K.L.:
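Dropping a structure here in structure tokens format, bear with me for questions.
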Amino acid sequence: MLRMSTLLLRTLRDDPADAEVASHRLLVRAGYVRRVAAGVYSWLPLGYITFRNIERVVREEMDAAGFQEVHFPSLLPREPYEATNRWSEYGPDLFRLKDRKGNDYLLGPTHEEMFTLMVKGEFSSYKDLPLSIYQIQTKFRDEPRPRSGIIRGREFVMKDSYSFDLDDAGLEVSYQKHRDAYVKTFNRLHLNFNIVSAMSGAMGGSKSEEFLAPCPTGEDTYVLCNKCGFAANVEAMVTATQPYTGSAPAAMEIFDSPNTPTIDSLVDLYNKKFGESVSASATLKNVLVMVDDVATAILVPGDREVDLKRVGANLPGAKDVRLFEDEDFQNFPGLVKGYVGPQDAKKLGLKVYADPRVVIGSHWITGANAKDKHIRFVTHGRDFSVDGFVEAAEVKAGDACPECSTPVVIDRAIEIGHIFQLGRKYAEALGLSVLDQNGKSQVVTMGSYGIGVSRAVAAIAEQTHDEIGLNWPQEIAPADIHLVAAGKEDELYNFADKLGKDLETKGLRVLFDDRRDASPGVKFKDAELIGIPFIVIVGKSLADGKVEFRVRKSGDKSELSANNAAEEIFAAVRK
RNA sequence: CGGGGCGUAGCGUAGUGGCUAGCGCGCCUGCUUUGGGAGCAGGAGACCGGGAGUUCGAAUCUCCCCGCCCCGACCA
């Protein structure tokens, strides 16, 4: 039985000045965590019990799925990461250090290399596959900006799994097993979540899905269709398009457009000049970017912004996408800022990619590649062509669902899990292959699967808290019962002590507020802040043979007979 | 890395050139109190983030450095 009189716990009456989001504020105020450095936190007893409960659920579900637990060091030598090129690719996000002999080491940000090498060291036959192994391990990433308390730390605990299969069909099976295990895990954690399609991004690989816990303070934005259930990370959102059906316009026509460097000013001038009433969507915006040192124009309708993240994620092989800067314009003197058009792209030495909305046959008002001149009737396929289509425009609420055309909604969420099919990148780089049935060497294909364990503490806190405090699902809470002795008479404390022991005998976990020097008001506030699901109060009503039973989440209160309080509580709590 | 803000006791804060750095919470001692963050009395706890400078005098002004938070960039 945890006793408040001796627990290493001090709740805070005021919000800490450096905490903004609810989970951070409340976890600090309730005495679960303390900040040690930016993005680095210590766990106090209540917090660590909660953390371990989540860890236990994750471990049980991994084991139940038949995955084997292993454990790697956090301190790792440079060589394996050199072999996969990540020693340099990871850049400044990697915590690096040297040993006394001057050899390079790193603190593991993720462990693909180590898992791959472990399997390589032990297994060499197709008969050993499939295999899925996992660890629960502290990871280190020197994030450019840690934020939101333990939601994005520089040191955090992650469960990471890897699957090893001989072929793509096997990988698909392993992937589904992990997906199923994740659904079970997050359900047990009482997290509300969506599974969304994602881009596999920097890690390489193909199919990828994220588990997102919706929450206003989340840092991921995703798209959801309430009708058909389609869900996607904004990077992975696909634009629904229809072929152009109008008739071909007249030939291109240049017109004077003094002082119209912006879309709005252009639309104004155009409508006045030609007596029309077109909107920004009739204009074509040519956003100039550098894609890994290649000057590229991205074409989007004038009523849309370009989302560089989407461009980067959807241009195959693109590593770095950034906007043109002044010196880039100097390198391309033919480009007139604010008056760029795609019809001269070849001449200007530009690659051109179009958002899918710029369909073949559509015609546009766009820049004439001369100061104060625009051009109209510029037709895709007739007057200009593109090097390809790319998802480029920002996603907006109300865009059509690619599955069923219903307007989608946009929401924010915390990423609590990510699964993806890695493929053979790491197996190839590190030489992991096995002999198949024919005695031929085959490179193994891998999947990679992560759950943010420490982040899940914060995600659950975000989704379950209310104005007065935390509010844990029972399996995660640091105890089942928060037992409060409210009063000063010895009988109260003796009775409560006995009741606590009886509850423990029945298998319930009890946090007993046995502090003699705290007033009832303080104890009630603390109980609400700490967020254990059931609160039992032994107080003034004990004289009438009653104890009080409260449900933290609903606020429901009821009186139980003191005589068989343990039985009644047990029955109420086990539902 | 760009923009903004902050750094005074464990926590929250006041103090914009002048005496011994003030207050609330928390902590210690004593008495009182005990169903919604109690009261009284007495106490402990701060080289005011660090360094250099200006000044008779610096928490306060100047410069440099460090740390932290927020927005953006970036990111399982």
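Bear in mind that the values here come from a model prediction, so they are computed numbers and not experimental data.
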K.L.:
Where each residue is assigned the nucleotide of RNA chain B containing its nearest heavy atom, which of A:A518 and A:A17 is assigned the position nearer the 5′ end?
P.N.:
A:A17
K.L.:
Rounded to whole Å, how long is the line connecting atom CG of A:D142 with atom P of B:C1?
P.N.:
11 Å
K.L.:
Let's see if you can work this out: which of B:G35, B:A76, B:C70 has an atom nearest to the side-chain heavy atoms of A:F420?
P.N.:
B:A76
K.L.:
What is the nucleic acid contact for A:G487, judged by heavy atoms within less than 4.0 Å: base, sugar-phosphate only, or nothing?
P.N.:
sugar-phosphate
K.L.:
Now, which nucleotide makes the Watson-Crick or G-U wobble pair with B:C61, with each of the two distances under 3.5 Å?
P.N.:
B:G53
K.L.:
Using a 4.0 Å heavy-atom cut-off across all strands, classify A:S161 as base, sugar-phosphate, or nothing.
P.N.:
nothing
K.L.:
Determine the contact category for A:R35: base if any of its heavy atoms lies under 4.0 Å from a base atom, sugar-phosphate if only primed atoms, P, OP1 or OP2 are that close, otherwise nothing.
P.N.:
sugar-phosphate
K.L.:
Decide yes or no, distance alone: a donor-acceptor N/O pair under 3.5 angstrom between the base of B:A73 and the side-chain of A:R322.
P.N.:
no
K.L.:
Provide, to the nearest angstrom, the distance between the CG atom belonging to A:D14 and the C1' atom belonging to B:G26.
P.N.:
10 Å
K.L.:
Say we look at B:G45 and B:A21: how far apart would their C1' atoms be, to the nearest angstrom?
P.N.:
14 Å
K.L.:
Base, sugar-phosphate or nothing for A:Y449? Non-hydrogen atoms, less than 4.0 Å.
P.N.:
nothing
K.L.:
With sugar-phosphate meaning primed atoms plus P, OP1 and OP2, does A:E209 contact a base, only sugar-phosphate, or nothing at under 4.0 Å between heavy atoms?
P.N.:
nothing
K.L.:
With P as the reference atom in both, quote the distance from B:U20 to B:C48 in angstrom, rounded to an integer.
P.N.:
15 Å
K.L.:
So if I take every side-chain heavy atom of A:V522 and compare against B:C69, B:A38, B:C75, which nucleotide ends up nearest?
P.N.:
B:A38
K.L.:
What is the separation between atom OH on A:Y90 and atom P on B:C75, rounded to the nearest whole Å?
P.N.:
10 Å
K.L.:
For the pair A:H111 and A:Q137, evaluate side chain to side chain donor-acceptor pair (under 3.5 Å) and give the outcome as yes or no after the intermediate values.
P.N.:
CA-CA 9 Å; A:H111 283 76; A:Q137 172 64 287; 4.5 Å; no
K.L.:
Decide if atom NZ of A:K184 counts as having more than 12 heavy atoms of other residues, nucleotides or ligands within a radius under 6.0 Å.
P.N.:
no
K.L.:
Give me the distance, rounded to whole Å, that separates B:G49 from B:A14 when you measure between the P atoms they each carry.
P.N.:
14 Å
K.L.:
Between A:H24, A:R154, A:R34, which is the residue that forms a side-chain hydrogen bond (donor to acceptor under 3.5 Å, both in side chains) with A:Y41?
P.N.:
A:H24
K.L.:
When we call it a touch if two heavy atoms are under 4.0 Å apart, what does A:G417 touch: a base, just sugar-phosphate, or nothing?
P.N.:
nothing
K.L.:
Have a look at A:K523 and say if it touches a base, only the backbone sugar-phosphate, or nothing, with a 4.0 Å heavy-atom cut-off.
P.N.:
nothing
K.L.:
Answer yes when A:R3 and A:D497 have at least one side-chain N-carboxylate O distance shorter than 4.0 Å, and no when they do not.
P.N.:
yes
K.L.:
Taking atom P in both B:G39 and B:G50, compute the distance separating them and give it to the nearest angstrom.
P.N.:
35 Å
K.L.:
Of the candidate nucleotides B:A73, B:G35, B:C69, which contains the atom at the shortest distance from the side chain of A:A38?
P.N.:
B:C69
K.L.:
Give a yes or no answer on whether the side chain of A:S163 reaches the backbone of A:G447 with a donor-acceptor pair at less than 3.5 Å.
P.N.:
yes
K.L.:
Going by purine N1 to pyrimidine N3 plus the second Watson-Crick contact, or the G-U wobble pair, all under 3.5 Å, which nucleotide sits opposite B:C31?
P.N.:
B:G39
K.L.:
Give one of base, sugar-phosphate or nothing for A:L308, where a contact means two heavy atoms less than 4.0 Å apart.
P.N.:
nothing
K.L.:
Between A:F211 and A:F186, does the ring centroid distance fall short of 6.0 Å?
P.N.:
yes
K.L.:
Would you classify A:D160 as touching base, sugar-phosphate or nothing, given that sugar-phosphate means primed atoms plus P, OP1 and OP2, and contacts are heavy atoms under 4.0 Å?
P.N.:
nothing
K.L.:
How many whole angstroms separate atom CD of A:E20 from atom C1' of B:G5?
P.N.:
11 Å
K.L.:
Given the C1' atoms of B:G18 and B:U55, what is the spacing between them in whole Å?
P.N.:
12 Å
K.L.:
Taking only N and O in the side chain of A:S519, is any of them less than 4.0 Å away from OP1 or OP2 of B:A38?
P.N.:
yes
K.L.:
Establish whether the base of B:C75 is bridged to the side chain of A:R145 by a donor-acceptor pair shorter than 3.5 Å.
P.N.:
no
K.L.:
Counting side-chain heavy atoms from CB outward, which of B:C68, B:C74, B:G35 is closest to A:R147?
P.N.:
B:C74
K.L.:
How close do A:F164 and A:F115 get, heavy atom to heavy atom, and via which atoms?
P.N.:
CZ-O, 3.9 Å
K.L.:
Roughly how many Å apart are B:G26 and B:C19, using the P atom of each and rounding to a whole number?
P.N.:
30 Å
K.L.:
What nucleotide, of B:C68, B:A38, B:C11, holds the atom closest to the side chain of A:L12?
P.N.:
B:C11
K.L.:
With a 4.0 Å cut-off on heavy atoms, is A:E548 in touch with a base, just the backbone sugar-phosphate, or nothing at all?
P.N.:
base
K.L.:
Provide the Watson-Crick or G-U wobble partner of B:G72, both distances under 3.5 Å; none if there is no partner.
P.N.:
B:C1
K.L.:
Given that both distances must come in under 3.5 Å, which nucleotide forms a Watson-Crick or G-U wobble pair with B:G10?
P.N.:
B:C25
K.L.:
Of the nucleotides B:G26, B:C70, B:U34, which has the atom closest to the A:R10 side chain?
P.N.:
B:G26
K.L.:
Between B:C11 and B:G30, how far is it from one C1' atom to the other, in whole Å?
P.N.:
26 Å
K.L.:
Tell me which nucleotide, if any, is Watson-Crick or G-U wobble paired with B:U16 when both distances must be under 3.5 Å.
P.N.:
none
K.L.:
Could you check how far CG of A:D526 sits from C1' of B:C11, rounded to whole Å?
P.N.:
14 Å
K.L.:
Atom CD of A:E489 and atom P of B:U34: how far apart are they, to the nearest Å?
P.N.:
9 Å
K.L.:
Shortest non-hydrogen contact from A:H178 to A:S161?
P.N.:
NE2-CB, 3.3 Å
K.L.:
Figure out the CG/P separation between A:D18 and B:G4, and round it to whole Å.
P.N.:
22 Å
K.L.:
Map A:P520 and A:M158 onto RNA chain B by nearest heavy atom, then report which one ends up closer to the 5' terminus.
P.N.:
A:P520
K.L.:
Is the backbone N or O of A:A485 less than 3.5 Å from a side-chain atom of A:K523, with the two atoms forming a donor-acceptor pair by type?
P.N.:
yes
K.L.:
Over how many whole Å does the gap from A:R34 atom CZ to B:G26 atom C1' extend?
P.N.:
12 Å
K.L.:
B:C69 and B:A52: how far apart are their P atoms, nearest whole angstrom?
P.N.:
28 Å
K.L.:
Contact class for A:R25 vs. all strands (heavy atom < 4.0 Å): base, sugar-phosphate, or nothing?
P.N.:
nothing
